[in-house]
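This chain uses plain numbering: 1 for the first residue, then up along the sequence. Each ligand, and each atom within it, is numbered from 1 in the order the structure gives.
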Amino acid sequence: MPNIDLDFVQHLTLEERAALVSGKDFWFAAKVPGVDKMMVSDGPSGLRKQADPDDAVGLNKSVDAVCFPCSALTASSFDEQLLFKLGNHLGIAATAENIGILLGPGVNIKRSPLAGRNFEYFSEDPLLAGRMATAYVKGVQEEGVGVSVKHFATNNREDQRFTSSSNVDERTLREIYLAQFERIVKEAKPATIMCSYNKLNGIQVSQNQRLLTHILRDEWGFEGLVMSDWGAVVDHVAAIKAGLDLEMPGKGAESVNEIVRAVNDGHLQESILDKAALRVLKMVEKWQPKHAVNYDKEEQHDFARQLADESIVLLQNKHHLLPLNDTQSIAVIGELAAKPRFQGGGSSHVNAHRLVTPLEAMPASATYAQGYQLEHDKIDNHLAAQAVELAERSDVVVFFAGFPEAMESEGFDKQSIALPTNQNDLLDQITQANSHVVVVLQNGSVVEMPWANQVDGIVETYLAGEAVGESTWNILLGKVNPAGKLSESFPLRLVDNPTALTFNTDRDNETYHEGLFVGYRYYDKKQLPTRFPFGHGLSYTTFGYQGLNVENQSDHVHVSLQVTNTGERAGKEVVQVYVQNLVSQIEMPVKELRDFAKVDLQPGEATTVEFNLPRRAFAWYNSQTDAWQTDNGQYTILVGSSSTDLRLSQSFKLTIGTPFLSRITGETYVSDLLANRTPKIDQALETTGLGKVFDQLLANQANRALFANIPLRSFTVTGVKPETISKFIQLVNN
Ligand code: BGC
């Protein structure tokens with residue numbers, strides 16, 4: 001391969017350079033003399049290599065590949081090491097198939113429970129999404145395969161995804177919708193970023209210079225390539241100018257002519273085109289697949305099972321019904337046991353290597369009844385009667401419920417998060433026939449569970465990948481002790497979610513009225529109960545928390561505590577650290593997840609868990625100064641087993657940020673001044689005599705609040721001379 005640099009690019013013809021910034025076809029980057037074309041492929045949960053270059057939508061089956069659990073489930077592992085290994089496996093599969101760039105992971109925030117693609121995304125929380133995806137990206141790239149982190153940004157609905165504008169205020173954008181991308185870019189250095197279809201605040205993302213260049217490259221230091229989502233480019237010349245390097249898929253000759261014309265007409269500077277063309281060549285140079293190797297798909301299948309084992313969430317376990325034992329007679333009810341939902345629809349769809357259904361993996365003591373049909377939501381009386389009869393004569397019932405494929409996919413949003421009527425109705429009958437019922441859920445995102453109080457057990461398996469059957473029974477039978485935690489809140493009802501008011505009501509605009517208050521940030525603030533809160537997940541053992549200690553260090557806050565396995569069996573616990581900001585006088589969630597760790601403990605074993613929280617863990621984005629701001633002052637550290645099961649808390653004064661009153665002006669309120677006294681302020685109060693005046697006026701309880709609520713400049717109303725106030729301000733600021 002020649003030396004790829006600007007000089008090389010400048011020696012290419014204009015047509016060759018124009019051809020480079022548009023894909024060769026659906027899956028290949030264009031080639032130029034001396035540089036081979038390179039193939040890209042979906043996807044996040046398993047390789048979807050379409051062997052036919054013209055098959056964009058997967059009309060034909062993609063190559064045989066292991067289907068891993070979807071990101072909604074893998075995020076529930078809260079386990080970065082596992083996500084790193086997942087990345088390794090995907091990288092190995094991609095190398096074997098001659099793929100240079102894997103189109104994933106998808107890291108958008110789950111804003112609305114109705115969003116069709118939630119299954120493909122990690123979380124409602126940017127810290128969790130960012131940490132999981134960073135590990136995944138590092139894992140893929142360690143194998144010499146690049147990634148495309150998508151969909152940058154604010155692509156949080158599917159309906160009209162090509163045209164609608166996501167309207168988001170700056171602080172919300174930075175804190176909620178960009179923070180995970182920022183972490184991945186800075187920590188994992190992804191090969192490429194895929195820009196999304198939608199508009200952001202009215203500007204098409206594919207031609208949004210602020211996002212693609214100013215924020216991504218200038219602020220975050222991104223050095224890779226920006227490609228478009230498939231068909232996201234509206235005006236290719238404008239897109240290149242804004243910072244897009246590669247349009248996908250290519251539009252052939254038409255695309256080349258368009259660029260050549262723009263250069264010749266003076267609408268596009270050659271230097272800008274050259275930069276984009278260079279990035280394409282650099283990507284191909286760096287990530288050109290190495291020699292294809294064979295890989296062991298059975299080993300990957302085992303990993304898919306392990307990943308699901310570690311991620312499945314035990315939501316409810318009344319009367320310790322679970323784990324089941326195989327001497328019990330078990331009724332397995334529901335067509336999803338035989339035809340499981342184990343992966344999402346759309347571009348992430350994998351031609352699974354070896355699916356093991358729950359029906360195939362069930363123990364000998366279990367008997368199956370179909371119960372309902374997935375094809376429609378009408379009750380089938382015959383199937384229902386058989387299922388009820390089976391439930392009546394069994395010790396326990398395992399009821400498989402979930403969203404049928406037609407209800408949930410990329411490309412469109414849901415209308416409801418209720419299960420199909422035939423499933424809810426049958427479950428109602430089953431709970432009357434047998435009081436020991438466990439519901440196993442297969443779904444891409446949150447479900448309403450009006451029946452939750454009628455059943456003992458609820459197990460959330462999401463879309464668990466091709467080893468779904470094995471993992472489901474590993475959890476049900478206690479071969480694996482569940483350790484997954486929800487990466488999203490399950491509301492009691494869809495209408496409890498703030499986006500239910502306006503989501504998808506406007507074809508052209510999706511306005512993020514709720515601002516920062518996404519997921520638990522909203523339910524916390526409104527004090528709304530949820531069905532299951534963010535971070536929730538049970539175990540077959542129990543954990544005790546003690547000895548929280550919080551200390552300011554030179555540039556971080558050190559948090560430590562002990563966790564003990566207080567139960568009878570080995571198990572893993574996800575220790576969650578939330579920060580509550582009590583000082584900044586701005587809109588604030590009640591608390592935010594700022595760190596977590598998964599610990600593995602034998603019965604009776606204790607361990608010390610330590611966290612180092614950086615300044616950013618206490619920061620908020622100040623859109624007036626366009627900077628992250630960390631205010632010194634009062635905070636609480638909350639540690640627990642879920643966002644509502646908080647076991648320990650400690651208030652402390654942060655000192656590693658900036659003082660709340662960094663500059664005192666005439667607009668500074670007396671109350672703020674007195675609450676943030678420093679030796680310098682005290683000295684100036686004394687020198688000017690202002691201290692005495694304050695003491696006198698504020699001594700009177702009745703007037704205290706009134707006087708404290710006056711800014712310095714207006715304190716003249718109490719008879720203080722303007723010169724005294726100016727003098728005071730001058731002294732404290734000097
Ligand atoms: C999806 C992307 C995907 C691409 C290629 C698009 O429709 O939004 O996530 O990578 O297709 O299949």
**Student:** Any idea which atoms of ligand 1 are less than 4.0 Å away from a heavy-atom of S347?
**Tutor:** 1 (C), 2 (C), 3 (C), 9 (O), 12 (O)
**Student:** Show which atoms of ligand 1 fall inside a sub-4.0 Å distance from at least one heavy-atom site of R48.
**Tutor:** 12 (O)
**Student:** Is E120 close enough to touch ligand 1? Criterion: a residue heavy atom under 4.0 Å from a ligand atom.
**Tutor:** no
**Student:** Does any N or O atom in K150 lie less than 3.5 angstrom from one in ligand 1, N or O only?
**Tutor:** yes
**Student:** Find all atoms of ligand 1 within a distance of less than 4.0 Å from any non-hydrogen atom belonging to M194, and give their numbers and elements.
**Tutor:** 10 (O)
**Student:** Please indicate whether K241 has more than 12 foreign heavy atoms, meaning atoms of other residues, nucleotides or ligands, lying under 6.0 Å from its NZ.
**Tutor:** yes
**Student:** Are any of the side-chain nitrogens in E298 or R354 under 4.0 Å away from the carboxylate oxygens of its partner?
**Tutor:** yes
**Student:** Would you say the side-chain atoms of Q204 pair up with the backbone N or O of V234, donor to acceptor, closer than 3.5 Å?
**Tutor:** no
**Student:** Could you tell me if K485 sits above the aromatic ring of F78, with its cationic atom closer than 6.0 Å to the ring centre and no more than 45 degrees from the axis?
**Tutor:** no
**Student:** Can you sort out which atoms of ligand 1 are near Y197, meaning under 4.0 Å from one of its heavy atoms?
**Tutor:** 6 (C), 7 (O), 8 (O)
**Student:** Could you check whether R111 pairs with E514 (Lys NZ or Arg NE/NH1/NH2 to Asp/Glu carboxylate O, under 4.0 Å)?
**Tutor:** yes
**Student:** What part of E158, side chain from CB on, backbone N/CA/C/O, both or neither, has a heavy atom under 4.0 Å from ligand 1?
**Tutor:** neither
**Student:** Once you restrict to heavy atoms under 4.0 Å, what part of H349 touches ligand 1? Side chain, backbone, both or neither.
**Tutor:** neither
**Student:** Atoms of ligand 1 less than 4.0 Å from E410 heavy atoms?
**Tutor:** 1 (C), 6 (C), 7 (O), 8 (O)
**Student:** State the atoms of ligand 1, each with its element, that fall below the 4.0 Å cut-off from a heavy-atom position in R161.
**Tutor:** 7 (O), 8 (O)
**Student:** Give the contacting part of W27 toward ligand 1: side chain, backbone, both or neither, where contact means a heavy-atom distance below 4.0 Å.
**Tutor:** side chain
**Student:** Please indicate whether any nitrogen or oxygen in H151 is less than 3.5 Å from any nitrogen or oxygen in ligand 1.
**Tutor:** yes
**Student:** Under 3.5 Å, is there a donor-acceptor pair linking the side chains of N504 and R157?
**Tutor:** yes
**Student:** Would you check if S123 and Q180 make a side-chain contact, meaning some heavy-atom pair closer than 4.5 Å?
**Tutor:** no
**Student:** Does K199 form a salt bridge (charged side-chain N to carboxylate O under 4.0 Å, His left out) with D508? I'd like the steps, not just the answer.
**Tutor:** CA-CA 9 Å; K199 300 186 181 95; D508 302 328; over 6 Å; no
